[in-house]
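Side-chain atoms are counted along with the backbone in the values below, which use heavy atoms only and exclude waters and symmetry mates.
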Amino acid sequence: MSEKTLQHRIDGPDDAPVLVLGASLGTTWHMWDRQIPELTRHWRVIRFDLPGHGGSPAHAASSIAELADRLVATLDLLGVERFGYTGCNIGGAIGLQLALTRPHRVTSLALVSSSSRYGTADAWRQRGVVIRTNGLDPIARTSPEHWFTAGFAGAQPAIVEWAVQMVRTTDPGCYIAACEALASYDVRSSLSRVGVPTLVVVGSEDRVTPTSDARSLVAGIPDASLALVPGTSHLAPVEQPSAVTELLIRHFTTAWHDKPGPAGQPALGAAAPKAQIAPPPPPAAPPAAIESGLTKQEPVRGGTYEAGIKVRREVLGDAHVDRAEAAADDFTGDFQDFITRYAWGETWTRPGLDRRTRSIITLTALVARGHQEELALHTRAALRNGLTPTEIKEVLMHTAVYCGVPAANSAFAVAQRVIKEETTPEG
């Protein structure tokens, strides 16, 4: 299997329409096992595993777009052109990506325990730091409490153990890459372009993708309906298999876009083309205010600023950048704009060094100059950029020789505190 395709399994009649099932982060295609007997009465069902999940080769993918591309490449190899799609969690994100970028391929869509924006980028990158330091065992042990209601977990210990083992046997690097994919995933502004009938399914007790996320999907997608599964948490297809199966069969048998119509007519149920309305022109810039003979100008924010703010947020975190921007005023605003463009948009974006190497250089320079507050900030950034605590320790050991023992001693105290805060698993 190549790096451009995904491990998959096919069940059901060869001549039936195709229904693709995408699994949740940390699970395998087996999360859909109890749907298969009924679904294969109607469809040829194709399930796929994420990279490094189950027996899938560990070819990491760091964006939802890349995962969608690999799924399309897999379907192309199988000769599948049109298909219905159901996805849970990250599988739902892949489904939305397909509906937005390959609308001619997707006939209808079901999003289970899904969202247009999964939590915050900071939380996903923080999870990557924890896994890089502690492995997947802490995530595995706490997964059942996020996936199932307490009553179900207590009554089904074998399923709970199955869930824990699924996460434990996932490749850590691929799991971290999936966290990065979810950190950068946000289609909230694009939901109105989803042009296929969509069913949104959510468990009433789901705390991972709560009912508010589901209602936002329904509000944003033009042809969407909501199904609430009572007394169910995040892995609704596992906890309430019969209820979810019935919902899927009802949706896909009534909302399939490939029903043939009269010759020359659109397929029955196909969405009519929407008029393309050109956006209004941007408002004219107001004349510059002249005060005391000086012209006050707003900062020019072009491509360099946009590239810089993106990298700055990815490295330092949304929370830090949000605080810095909120604190900016007439006195400090130009400086914030300057460092975003100059440090982050022109230096951190240069292709000659990767972010890990830039973090090592930055830590060394901050130790040498004794900038401990910035050192704490960039120790967190170094963990986000893939350095392990052991590697940070070696950087600081090296600085003891070239920057002085007192400087390194202070740096160790700062880094130790930050590493403990950032790598301690929750719970």
Side-chain angles (χ1 to χ4, degrees), residues 120-134 180 183 299 301 304-350 353-426:
T120 66
D122 286 352
W124 285 112
R125 293 190 173 109
Q126 170 69 21
R127 185 182 295 194
V129 169
V130 170
I131 295 168
R132 198 174 287 115
T133 306
N134 303 282
E180 284 292 328
R301 293 186 169 181
T304 302
Y305 179 88
E306 295 304 323
I309 198 67
K310 180 178 183 293
V311 175
R312 190 181 181 189
R313 286 185 176 278
E314 290 173 354
V315 174
L316 299 183
D318 287 333
H320 170 81
V321 177
D322 287 345
R323 286 194 299 270
E325 290 187 337
D329 55 20
D330 289 343
F331 186 71
T332 62
D334 287 347
F335 176 70
Q336 289 296 320
D337 183 80
F338 167 76
I339 59 175
T340 298
R341 288 184 291 105
Y342 183 64
W344 298 101
E346 294 187 8
T347 302
W348 276 83
T349 56
R350 289 175 64 85
L353 296 173
D354 60 26
R355 290 187 188 177
R356 283 172 48 87
T357 305
R358 291 189 185 280
S359 276
I360 291 171
I361 295 169
T362 303
L363 291 178
T364 304
L366 293 172
V367 172
R369 301 294 295 174
H371 299 309
Q372 294 188 15
E373 184 173 342
E374 288 284 313
L375 178 64
L377 178 66
H378 277 276
T379 299
R380 290 187 179 88
L383 292 167
R384 283 170 171 265
N385 284 341
L387 268 70
T388 65
T390 299
E391 289 171 325
I392 293 174
K393 177 184 72 175
E394 291 303 320
V395 171
L396 299 185
M397 289 291 293
H398 206 74
T399 63
V401 175
Y402 293 96
C403 303
V405 171
N409 184 53
S410 298
F412 264 103
V414 171
Q416 182 183 43
R417 170 178 56 82
V418 171
I419 290 170
K420 184 176 181 180
E421 290 173 355
E422 295 295 308
T423 63
T424 302
E426 295 182 2

Locate the shortest heavy-atom distance separating [X] from [Y]; write the atom from each residue and the value.
X	Y	value
Arg125	Arg313	NH1-O, 4.3 Å
Val395	Leu363	CG1-CB, 4.2 Å
Arg356	Gly386	NH1-O, 2.8 Å
Ser359	Ala382	OG-CA, 3.6 Å
Cys403	Ala368	SG-CB, 3.6 Å
Leu396	Ala408	O-CB, 3.9 Å

Task: Carboxylate-amine/guanidinium contact Asp354 Arg358, below 4.0 Å - done: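 Salt bridge: no.
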Task: Arg350/Glu346 salt bridge by N-O under 4.0 Å criterion - done: no
Task: Partner set under side-chain hydrogen bond (donor to acceptor under 3.5 Å, both in side chains) for Thr379, not counting sequence neighbours - done: none
Open item on the list: Does Arg417 have more than 12 heavy atoms from other residues, nucleotides or ligands lying within 6.0 Å of its CZ?
Closed with: yes
Task: Neighbour count above 12 (heavy atom, 6.0 Å) for Glu391 CD - done: yes
Any donor-acceptor N/O pair, [X] side chain to [Y] backbone, under 3.5 Å:
X	Y	answer
Gln126	Glu422	yes
Arg380	Leu316	no
Thr340	Gly345	no
Asn134	Thr424	no

What distance do [X] atom [atom1] and [Y] atom [atom2] have between them, rounded to the nearest 0.5 Å?
X	Y	atom1	atom2	value
Asn385	His378	CG	NE2	9.5 Å
Ile361	Leu366	CD1	CG	12.0 Å
Ile360	Leu353	CD1	CG	10.0 Å
Arg132	Thr388	CZ	OG1	9.0 Å
Asp337	Thr304	CG	OG1	10.5 Å

TODO: Just do the salt bridge (Lys or Arg N to Asp or Glu O under 4.0 Å) check on Asp122 and Arg384 with the steps written out, would you?
DONE: CA-CA 9 Å; Asp122 286 352; Arg384 283 170 171 265; 3.0 Å; yes
Open item on the list: Can you confirm whether Ile309 sits close enough to Glu325 that some side-chain heavy atom of one is under 4.5 Å from a side-chain heavy atom of the other?
Closed with: yes
- [ ] Using the six-membered ring wherever Trp is involved, compare the ring planes of Trp344 and Trp348 and label them parallel, tilted or perpendicular (cut-offs 30° and 60°).
- [x]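 Parallel.
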TODO: Go through the side-chain N and O atoms of Gln336 and Arg312 and say whether any donor and acceptor fall under 3.5 Å apart.
DONE: yes
